[in-house]
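To keep things clear, I will list the structure first and then write my remarks on it.
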Number of protein chains: 2
Amino acid sequence: MSAGVPGSAVDEVTDAVLTASRLLVAVSARSIAAVGEDVTLPQFRMLVVLAGRGPQRAGELAELLDVHPSTATRMADRLVGAGLIDRVANPQSRREVIVALTEPGRHLVEDVTARRRAEIASIVARLDPQLRANLVSALRAFADAGDEPMAVSSRDASALGWT
Amino acid sequence: MSAGVPGSAVDEVTDAVLTASRLLVAVSARSIAAVGEDVTLPQFRMLVVLAGRGPQRAGELAELLDVHPSTATRMADRLVGAGLIDRVANPQSRREVIVALTEPGRHLVEDVTARRRAEIASIVARLDPQLRANLVSALRAFADAGDEPMAVSSRDASALGWT
DNA sequence: CGCCAAATTTTGTACTATACAAATATCTAC
DNA sequence: GTAGATATTTGTATAGTACAAAATTTGGCG
């Protein structure tokens, strides 16, 4: 292994993060289902972005979601069909399209978010407070450590045949 | 909030776990791409299960991956096409189909896994050792706390209008 | 002014993942 | 040996995804 970290530690961290993440995804899915709306997880992500950052240009929205613009268009089609978002041409520049939550859309996000937060809170509440503090700092450090693009030393990279 | 846990703690934990998990998914995707094979993440999951538990019945495989059997069939179709798995009828019970890695399939898994482990190791290596230990124990505790099915107190549940 | 290049979005096409229902094939027990 | 149970595949439909091409709009330049 590349830097004095035993392989088992790598696998333990990987497993632990992925398990925790699966749990959160399951909680989110449950929360959406509980609200009874027929919205997929990617669609919900779009709604959350709109709730958090306000109305957005279609292309900007695609970038925020890290999908191709045409993907965003089609996702938006479905959400418009469900009455959860509106699409209006920007009067200043009619080639741009502004996407915004409708009232039902905002409601949905609030509803689902409240349920999700409540459920996660009930999990977090069961954690020993010391562990709880560790969790956040350790995960942040982990994410920060991985943030630097191409997170491998050049020695490792060449050893593995990377460019 | 349900149990004396400030909302911000909930959001911090949620954010931290999801960010870390996104990082890992990105690492995995990079590792697969680096090997140059045109395999999707779900397909790779199937290969990993086969590598870890040996040849499996089609239905068993679907359960392990938590997808519908027909989904597994189609995923397997593509992997057979790519020469990464084999499908043989169980001689003992010809209605059953056994799916197994081919040599190229096993190779692919080993290759990708090695790259992924190396990259994650280089991230983990940057962590303060104390944080590293905290990370695993805290995440495990979190996942365990969430494992209990329907992780909400009945008081919370009724307060939220759950059944 | 008018046209052409750049920007923005949508449409056409193709493919994967996914589920449900129905068809198919096999096995087993009576 | 036939009926019911079991295992898989096929038919059909939908969502997410990308790339390429078309459509629309804007803006600048001769």
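Lettering of chains follows the sequences in order, A, B, ..., and the numbering in each one begins at 1. The basis for the numbers below is simple: all heavy atoms, side chains too, and nothing from hydrogens, waters or symmetry mates.
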Sugar-phosphate, base or nothing in reach of A:R87, heavy atoms under 4.0 Å: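 Touches sugar-phosphate only.
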Closest non-hydrogen atom pair, B:A72 against B:M46: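 Taking every non-hydrogen atom into account, O-CE, 3.8 Å.
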Closest contact, heavy atoms only, B:A143 versus A:L23: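 Closest approach of B:A143 to A:L23: CA-CD2, 4.0 Å.
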B:R115 CZ to B:I120 CD1 distance, which is reported to the nearest 0.5 Å: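 Output value for this atom pair is 14.0 Å.
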Separation of B:R95 CZ from B:R57 CZ (nearest 0.5 Å):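 These two atoms lie 9.5 Å from each other.
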N/O donor-acceptor pair, side chain A:R95 with base C:dT8, under 3.5 angstrom: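 Flag unset: no donor-acceptor pair detected.
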Hphob cluster co-occupancy, B:I98 + B:L79, side-chain heavy atoms under 4.5 angstrom: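 Unlinked, B:I98 and B:L79 end up in two clusters.
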If only atom types and distance count, is the side chain of [X] paired as donor or acceptor with the main-chain N or O of [Y] below 3.5 Å?
{"X": "B:S21", "Y": "A:L18", "answer": "no"}
{"X": "B:S122", "Y": "B:E119", "answer": "yes"}
{"X": "B:S28", "Y": "B:L24", "answer": "yes"}

Is any side-chain heavy atom of [X] less than 4.5 Å from a side-chain heavy atom of [Y]?
{"X": "B:R30", "Y": "B:R116", "result": "no"}
{"X": "A:L135", "Y": "A:L127", "result": "yes"}
{"X": "A:L101", "Y": "A:L84", "result": "no"}

Proximity to DNA chain D (any heavy atom under 4.0 Å), residues of residues 61-79 of chain A only: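 Within residues 61-79 of chain A, the residues near DNA chain D are A:V67, A:H68, A:S70, A:T71, A:R74, A:M75, A:R78.
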Residues from residues 35-42 of chain A lying under 4.0 Å of DNA chain D - heavy atoms: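 Contacts with DNA chain D under 4.0 Å: A:T40, A:P42.
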Opening and closing nucleotides of DNA chain D in contact with chain B, under 4.0 Å to non-hydrogen atoms: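 Contact boundaries, 5' end first: D:dA5 to D:dT12.
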Closest-nucleotide 5' rank along DNA chain D - winner of A:R45 and B:E96: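 The 5'-side residue here is B:E96.
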Along DNA chain D (nearest heavy atom to each residue), the more 5'-positioned of A:S93 and B:S93: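 So the residue in question is B:S93.
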Would you tabulate the pairs of protein nitrogen or oxygen atoms and nucleotide nitrogen or oxygen atoms of nucleotides 2-4 of chain C closer than 3.5 angstrom?
none

A:R87: partners by salt bridge (charged side-chain N to carboxylate O under 4.0 Å, His left out), with sequence neighbours left out: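 Testing A:R87 for salt bridge (charged side-chain N to carboxylate O under 4.0 Å, His left out), a comparison that skips the adjacent residues, returns A:D77.
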Qualifying residues under side chain to side chain contact (heavy atoms under 4.5 Å, CB included), relative to A:E37, sequence neighbours excluded: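 Residues passing side chain to side chain contact (heavy atoms under 4.5 Å, CB included) with A:E37: A:V35, A:V39, A:L108.
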